Amino acid sequence: MKLQTDFSNTLQDPLFKILKETVDEVGIESYVIGGFVRDLILGRVQKKDIDIVALGSGIDLAKAVQKKLAGAKPVQVFKTYGTAMIHWEGMDLEFVGARKESYMPESRNPEVTPGSLTDDQNRRDFTINALAISLNKADFGAFIDPFNGLDDLKGKILRTPLDPDITYSDDPLRMLRAIRFANQLNFTIERQSLEAISQNASRIEIISKERIVDELHKILATSKPSVGFTLLEKTGLLKHILPELIALKGVEEIEGQRHKDNFYHTLEVVDNLCPNSDNVWLRWAALLHDIGKAPTKKFKPPVGWTFHNHEFVGAKMVYKIFKRLKMPLNEKMKFVQKMVLMSSRPIVIAEEQVNDSAVRRLVFDAGASIDDLITLCEADITTKNPKRFERYHNNFKLVREKIVAVEEKDHLRNFQPPVSGEAIMEFFGLHPCREIGIIKEAIKEAILEGEIPNEFEAAFERMKEEGKKLGLTPHEKSV
Ligand code: CTP
């Protein structure tokens with residue numbers, strides 16, 4: 001891999017000139033450090049955050065820099081952490097005083113005391129995140145790499161600056177970060193580090209759910225999340241975070257009948273989905289689409305393994321998981337629930353003859369999420385039998401074509417009854433009563449069965465017929 005170690009372009013950037021000037025004026029020795037330097041060397045799309053470490057007050061430095069940045073918002077000061085932030089031109093510049101940290105076993109919050117640059121680099125998570133570039137006049141642009149992080153970038157290795165046991169136990173979130181970086185950057189976690197993660201896995205319990213979910217989102221956003229989830233499983237972290245997925249692991253055999261390992265199947269589905277959708281909530285749906293299979297699994301001779309109602313059970317579990325992980329219990333969760341609940345519907349259609357009315361019902365029930373649902377179901381095809389694989393995919397093509405046709409004709413995606421309850425009441429001179437519901441349902445059924453188009457006139461005629469069946473007669477004014 002070609003690494004970029006010539007920083008001259010970046011250093012000529014007006015922002016870096018301002019930083020250099022200000023550092024000199026206020027006389028606080030400072031360095032750019034962390035992810036910005038790492039990504040610069042890797043030639044990754046430059047992220048919008050720059051971390052600056054100051055051997056002195058990061059807050060004072062931030063205030064001086066802010067004055068020179070045209071259009072910068074006022075400095076945001078986080079007194080408890082001794083940090084300051086400037087938002088400027090879509091960037092976040094974060095200033096922090098160099099520090100030494102000592103951790104208590106039961107807490108994530110360290111005792112912080114001012115320290116040297118080396119102290120500050122020592123307390124960082126990985127050698128590749130401890131790289132610094134000087135902003136000081138005397139050696140502006142000098143590259144400071146005390147742990148050979150550059151070699152680790154070359155070798156694609158994640159290694160902690162200190163004994164990994166200390167680094168991970170100090171801040172257990174770093175175990176997730178290690179796995180997330182391994183996944184995002186396609187790096188290997190060095191052996192001792194991996195062992196330390198396994199040993200410290202249970203300490204993830206002291207980390208806030210929000211931060212855990214943040215890392216899960218990042219893993220799910222990679223092009224191959226199975227890499228991250230496999231590491232989470234192997235290190236024992238996953239059972240503390242998503243035990244419902246661990247419950248899907250394993251293959252059982254009774255009377256010569258085996259079911260598939262639904263954990264690895266799930267990971268395959270998530271990977272399959274990635275090239276076709278960046279929607280992180282759809283990726284969550286893929287991750288959780290089979291969770292109902294563990295609690296519903298039964299062996300029923302002569303049928304074999306059954307997972308009766310697992311979609312319904314799974315959708316309920318989605319709520320519990322989102323609640324436990326303090327994820328939003330809003331329309332995002334409802335979307336994931338809907339995808340899980342409906343995850344087997346399209347495959348049933350695709351396995352058999354693709355039939356018009358089944359497609360209509362599917363569009364009606366999935367509404368605006370129909371395309372996402374089909375994308376999920378296509379990813380769910382993990383059969384290793386090439387003939388079956390091709391057949392299912394071809395059938396899904398047909399399902400997609402039929403969806404377009406049904407949509408053009410009947411607009412079922414956001415179905416509104418073509419004849420309103422008021423119109424029915426007026427025509428038959430009724431007050432609110434159950435007959436209105438019966439007629440509305442019959443009209444909807446006729447549309448879904450393709451007996452009548454989704455149009456007012458045809459629906460109105462059907463309303464008259466249905467009313468007649470119920471013994472209703474038109475109100476005088478209607479005749
Ligand atoms: N850091 C750390 N331990 C953590 C979090 C962060 O040591 N648990 C340090 C690392 O040096 C990291 C820097 O703080 O590079 C900035 O952290 P952050 O912005 O969260 O991560 P980045 O490494 O910049 O990468 P990303 O934005 O992809 O998370």
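For this chain, numbers begin at 1 and follow the sequence in order. In listed order, ligands and their atoms are each counted from 1. As the structure is a computational prediction, the values presented were derived from the model and not from experiment. Worth knowing before you read on, the calculation uses all heavy atoms, side chains too, and leaves out hydrogens, waters and symmetry mates.
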Original post:
Can you find a heavy atom in the side chain of Lys316 that is under 4.5 Å from one in the side chain of Phe312?
Top reply: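 Result yes, sub-4.5 Å side-chain heavy-atom pair found.
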Original post:
Side chains of Ile403 and Arg413: closer than 4.5 Å at any heavy-atom pair?
Top reply: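 Yes, their side chains come closer than 4.5 Å.
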Heavy-atom contacts under 4.0 Å between [X] and ligand 1: side chain, backbone, both, or neither?
{"X": "Arg180", "answer": "side chain"}
{"X": "Asp125", "answer": "both"}
{"X": "Tyr168", "answer": "neither"}

Original post:
Has ligand 1 got any nitrogen or oxygen that is less than 3.5 angstrom from a nitrogen or oxygen of Phe36?
Top reply: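 The answer is no, given that Phe36 and ligand 1 share no N or O pair closer than 3.5 Å.
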Original post:
ligand 1 and Asp49, any nitrogen or oxygen pair closer than 3.5 angstrom?
Top reply: no
Under 4.0 Å to a heavy atom of [X] - the qualifying atoms of ligand 1, by number:
{"X": "Lys218", "value": "29 (O)"}
{"X": "Gly34", "value": "15 (O)"}
{"X": "Phe181", "value": "23 (O), 25 (O)"}

Original post:
Judged by modelled atom types alone, do Thr375 and Arg400 share a side-chain donor-acceptor pair under 3.5 Å?
Top reply: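 Yes.
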Original post:
Using a distance-only test with no angle check, is there a side-chain donor-acceptor pair under 3.5 angstrom linking Thr230 and Tyr264?
Top reply: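 Looking only at side-chain atoms, Tyr264 and Thr230 do not form any donor-acceptor pair under 3.5 Å.
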Subject >> Residues in salt bridge (Lys or Arg N to Asp or Glu O under 4.0 Å) contact with Glu94, at least two apart in sequence or another chain >> reply: none
**OP:** Applying side chain to side chain donor-acceptor pair (under 3.5 Å), name anything that partners Lys297, two or more places apart in sequence or on another chain.
**Re:** Glu252, His259
Original post:
Would you call Lys384 and Glu268 a salt bridge, taking side-chain N to carboxylate O under 4.0 Å as the test?
Top reply: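 Glu268 and Lys384: salt-bridged.
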Original post:
Heavy-atom distance to atom 17 (O) of ligand 1: which of Arg44, Arg177, Arg124 wins?
Top reply: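 Comparing heavy atoms across Arg44, Arg177, Arg124, the nearest one to atom 17 (O) of ligand 1 lies in Arg177.
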